[in-house]
Amino acid sequence: MDPRMLALGRQSSVIREIFEYGNARRREIGAENVFDFSLGNPSVPTPGKVTKAMRELLEGDPVALHGYTSAPGDPKARAAVAAHIEKRFGVPASLENVYMTCGAAAALTITLSAIVRQEDEVVIIAPFFPEYDVFVRTAGGRPVVLRTKAPSFLPDPGALAAVVNEKTAAVIVNYPNNPTGAIWDGETLSAFVRVLEEKQKTLGRDIYIISDEPYRELTYGKPVPYVPKYYKNTVVCYSYSKSLSLPGERIGYIFVPSAAADASDLFAAVCGAGRALGYVCAPSLLQRTAAMCVDLPPDLAAYRENRDLLYNALTEYGYECVPPDGAFYLFVKSPEPDAGSFAERAKKYELLLVPGDSFGGPGYVRISYCVSTAMIEKSLPAFKKLIGEYQNG
């Protein structure tokens, strides 16, 4: 057996380990007594339009509905996604540019397998979603971490120039960011792109931006620049998990803009990677549901209320928090250098927090506030007692 897969199977992600610990505690003391901020599992109900669309589809021909679609996806679903991209962002798109996937994870792994050759390097920007490291290594590449600094956690163009070399195949960009909630502005993205364009010329190779966008719709007012409008060699990996509260249904897409270098070959490589990984034909019911709801915005009211409630309370208590512009995470500085030790101490108060070390953000913890507002309100005394231990010596 492959020792890499054995190691991954024996050691689950830190997020999942804490979530499973929470499941055990819920069985022991009751769910109402556990304040689980570990998993990015949307608490906002799936929009009624999505449920209605599924019901309408289920009342149709079951053979047609549940049968295989084309390997890259149902043509109508791909066309609907393309029309949405073109209308919303002003970027030319057609169904030939869209590959339907089982969520963002499949989109990322397919894209990396299509782009990365053995020993290529992929730049990942810290803090980052921990599975980036796994996905890059499984595709045969080597992750290279680009560090950023609090409180903005925006990348420095000079630091990017220092890590990009003749082995660099791609850079993964993620905003609104998991775990910080940070959003790049147009100026930051433009400076970032200028470095990559210059590197492509001097190194004589294509360098792709892989734009990971599961949180694109979850923003509290700050604009979210669309990467293909700034940089030709971009591949977009999108998921409806967060925007439509469908994480367990695993539906998303890959968009390969026509402006990308050798776009037709790149899309063919995406198709080939999907085939090699066994990811052809995303769930047909969900493809068709997404097509019917492609323009549906998320309901952000509950997330905004949770963000403001938690951020305002924690900063009042004395915690140092990164103000999140999007997503549904709060990145909080640990009151002691070892965030893992802090997260363990938090368990005494039934607070389940994720240490930032695996995100490339040591010294911080991630708090996922996509939970009920009532749970946040009930948890606040526990947060106050926890920080009090440090304030009172």
Side-chain angles (χ1 to χ4, degrees), residues 1-8 71-72 96-126 128-147 155 159-174 192-193 195-213 227-228 230-238 252-280 360:
M1 66 186 71
D2 188 333
R4 299 174 305 161
M5 300 302 114
L6 179 60
L8 286 172
E96 286 84 6
N97 303 107
V98 176
Y99 186 102
M100 304 301 293
T101 67
C102 297
L108 286 165
T109 52
I110 290 170
T111 299
L112 286 164
S113 292
I115 291 174
V116 175
R117 295 170 293 187
Q118 290 294 318
E119 305 305 321
D120 272 351
E121 295 180 354
V122 176
V123 178
I124 55 178
I125 303 167
F128 52 81
F129 178 51
E131 297 303 276
Y132 288 169
D133 184 276
V134 176
F135 295 162
V136 170
R137 292 182 189 279
T138 302
R142 187 175 78 86
V144 175
V145 177
L146 175 62
R147 303 287 175 185
L160 174 65
V163 298
V164 173
N165 58 50
E166 66 280 356
K167 292 184 178 181
T168 306
V171 182
I172 299 177
V173 166
N174 167 236
F192 194 86
V193 161
V195 171
L196 293 183
E197 288 175 338
E198 183 60 33
K199 286 291 185 177
Q200 285 189 134
K201 292 177 184 177
T202 58
L203 297 173
R205 72 166 297 172
D206 293 320
I207 301 172
Y208 293 92
I209 289 180
I210 301 173
S211 185
D212 180 29
E213 302 189 356
V227 182
Y230 290 75
Y231 189 67
K232 291 181 179 180
N233 283 346
T234 297
V235 180
V236 174
C237 296
Y238 186 85
Y253 64 80
I254 298 167
F255 171 53
V256 178
S258 297
D262 300 317
S264 60
D265 284 348
L266 177 56
F267 189 81
V270 164
C271 294
R275 177 186 178 188
L277 294 168
Y279 281 150
V280 296

#### Entry: Selection residues 262-276 - residue pairs positive for salt bridge (Lys or Arg N to Asp or Glu O under 4.0 Å), sequence neighbours left out
none
### Task
Please tell me if the side chains of Pro257 and Asn97 come closer than 4.5 Å, counting only heavy atoms from C-beta onward.
no
### Query
Which atom pair, heavy atoms only, marks the closest approach of Ala170 to Ile115?
CB-CG2, 4.5 Å
### Task
Please tell me if the side chains of Pro155 and Leu160 come closer than 4.5 Å, counting only heavy atoms from C-beta onward.
no
### Query
Is a side-chain donor-acceptor pair under 3.5 Å present for Tyr132 with Asp212?
yes
### Message
Out of the candidates Asn233, Val123, Leu196, only one should pair with Ile209 under the side chain to side chain contact (heavy atoms under 4.5 Å, CB included) rule; please name it.
### Response
Leu196
#### Entry: Any donor-acceptor pair under 3.5 Å from Thr234 side chain to Tyr231 backbone
yes
### Task
Report yes or no: does Thr202 contribute a side-chain atom to a donor-acceptor pair with the main-chain N or O of Lys199 at less than 3.5 Å?
yes
### Query
Roughly how far, to the nearest 0.5 Å, is the CD1 atom of Ile110 from the OG1 atom of Thr101?
6.0 Å
### Validation row: Thr109, Thr138 side chains within 4.5 angstrom (heavy atoms)
no
### Query
Taking the side chain from Arg142 and the backbone from Gln118, do they hold a donor-acceptor pair closer than 3.5 Å?
no
### Task
Let me see the working for Ser211 and Val235 under side-chain contact (heavy atoms from CB on, under 4.5 Å), right down to the final yes or no.
CA-CA 6 Å; Ser211 185; Val235 180; over 6 Å; no
### Task
Please examine the side chains of Ile125 and Asn174, heavy atoms only from C-beta on, and report whether any two atoms are closer than 4.5 Å.
no
## Note on the structure
Gly360 and Arg147 have their tightest heavy-atom pair at O-NH1, 3.2 Å
### Query
Between OH of Tyr99 and CZ of Phe267, what distance do you get to the nearest 0.5 Å?
8.0 Å
### Task
Would you give the length of the straight line joining atom CG of Leu146 to atom CZ of Phe128, rounded to the nearest 0.5 angstrom?
11.0 Å
#### Entry: Nearest-0.5 Å distance that lies between atom SG in Cys271 and atom OH in Tyr279
16.0 Å
### Query
Any side-chain heavy atom of Val136 sitting closer than 4.5 Å to one from Leu112?
yes
### Task
Find out whether Val98 and Pro72 are in side-chain contact, i.e. whether some heavy atom of one side chain is under 4.5 Å from a heavy atom of the other.
no
### Summary
What one should report as the nearest heavy-atom pair of Cys237 and Thr111 is SG-OG1, 3.5 Å
### Task
Could you walk me through whether Ile207 and Val164 pass side-chain contact (heavy atoms from CB on, under 4.5 Å), step by step?
CA-CA 9 Å; Ile207 301 172; Val164 173; 3.6 Å; yes
### Task
Grab the two heavy atoms, one from Asp206 and one from Ala261, that are nearest each other, plus how far apart they are.
OD2-CB, 3.6 Å
### Message
Checking Tyr208 now: which residues fulfil side chain to side chain donor-acceptor pair (under 3.5 Å) with it, not counting sequence neighbours?
### Response
none
### Beyond-backbone contact of Val122 with Ile172, side-chain heavy atoms, under 4.5 angstrom
yes
### Query
Is the closest basic N to carboxylate O distance between Arg205 and Asp120 below 4.0 Å?
yes
### Message
Can you tell me how far apart CD (Glu213) and CZ (Phe255) are? Round to the nearest 0.5 Å.
### Response
10.5 Å
### Query
Would a 4.5 Å heavy-atom cut-off, applied to side chains only, mark Val144 and Asn165 as touching?
no
## Note on the structure
To the nearest 0.5 Å, atom CD of Gln200 lies from atom NZ of Lys232 at 10.0 Å
